[in-house]
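These notes are about the structure you will find just below.
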Amino acid sequence: MKFEERVWELMKRIPKGKVTTYALIAEKLNTVAYRAVGNACRRNPYAPVVPCHRVVRSDGTIGGFGGKTSGKTVEKKIQLLRKENVEVRSGRIVDFKKVLFRF
DNA sequence: CGCAGATGGCTAG
DNA sequence: CTAGCCATCTGCG
């Protein structure tokens, strides 16, 4: 079982309409490598199985990649989240702590 | 509000 | 084994 697989499993556990943060996942994995978590998402071979769109930053920002939220992947995430009852405003989660899922 | 530094783990050579 | 990368976080100005 690799580090990444563990990350994916946790992501799968995220219920619909909820989100989580990289730091939280990392902490749950008994580590502090939030970056490695993001790495796993980015390389995630389990495209739809691992809802990486339900994983956001600690402050509620969607994040995305490339440094800015100008990527298409981010927009896709937002749309999915909005569809799952998660309100997103300017790349940020609305009522973040309300939809934040604690493991 | 904006920027820089500090981290842990992964992939590729 | 070494070097570079990354979808982050936190603190400070």
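No hydrogens, no waters, no symmetry mates; every other heavy atom, side chains included, goes into these values. The sequence lines fix the lettering, A, B, ..., with proteins before strands; numbering per chain opens at 1.
The separation between A:Ile62 atom CD1 and C:dT8 atom C1' is 15 Å, rounded to whole Å. At whole-Å resolution of the value, CZ in A:Arg42 and C1' in C:dC5 are 8 Å apart.
Chain A approaches DNA chain B over the interval B:dA6 to B:dT11, counting the first and last nucleotide 5' to 3' with an atom under 4.0 Å from its heavy atoms.
With pairs defined as Watson-Crick or G-U wobble and both atom distances under 3.5 Å, the stems of at least three pairs that touch DNA chain C come out as B:1-6 with C:8-13, B:8-13 with C:1-6.
Against DNA chain B, the stretch residues 48-56 of chain A makes no heavy-atom approach under 4.0 Å. Listed by residue number, A:Phe3, A:Glu4 are the residues of residues 2-10 of chain A with a heavy-atom contact under 4.0 Å to DNA chain B.
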Enumerate donor-acceptor pairs with a distance under 3.5 Å from any side-chain N or O in residues 29-51 of chain A to protein atoms, sequence neighbours excluded.
residue, atom, partner, partner atom, Å
A:Thr31, OG1, A:Ala33, N, 3.4
A:Asn44, OD1, A:Tyr46, N, 2.7
A:Asn44, OD1, A:Ala47, N, 3.1
A:Asn44, ND2, A:Cys41, O, 3.2

Sequence neighbours excluded and cut-off under 3.5 Å, please list the side-chain donor-acceptor pairs for residues 58-65 of chain A, or say none.
residue, atom, partner, partner atom, Å
A:Asp59, OD1, A:Thr61, OG1, 2.6
A:Asp59, OD2, A:Thr61, OG1, 3.3

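Annotation: ring pair (Phe, Tyr, Trp, His ring centres under 6.0 Å) contacts involving residues 82-103 of chain A, sequence neighbours excluded, comprise A:Phe101-A:Phe103. Screening residues 13-33 of chain A for ring pair (Phe, Tyr, Trp, His ring centres under 6.0 Å), with sequence neighbours left out, gives no hits.
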Using a cutoff of under 3.5 Å, can you pull out all pairs of nitrogen or oxygen atoms linking the protein to nucleotides 10-13 of chain C, with atom names and distances?
none

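Partners of A:Glu27 by side-chain contact (heavy atoms from CB on, under 4.5 Å), not counting sequence neighbours: none found. Judged as a salt bridge (charged side-chain N to carboxylate O under 4.0 Å, His left out), and not counting sequence neighbours, the contacts of A:Arg54 are A:Glu84. Residues that satisfy the side-chain contact (heavy atoms from CB on, under 4.5 Å) test with A:Arg89, not counting sequence neighbours, are A:Val94.
Both A:Thr61 and A:Ala36 sit near DNA chain C, but only A:Ala36 has its closest nucleotide nearer the 5' end. Ranked by how close their nearest DNA chain B nucleotide is to the 5' end, A:Arg35 and A:Arg43 are led by A:Arg35.
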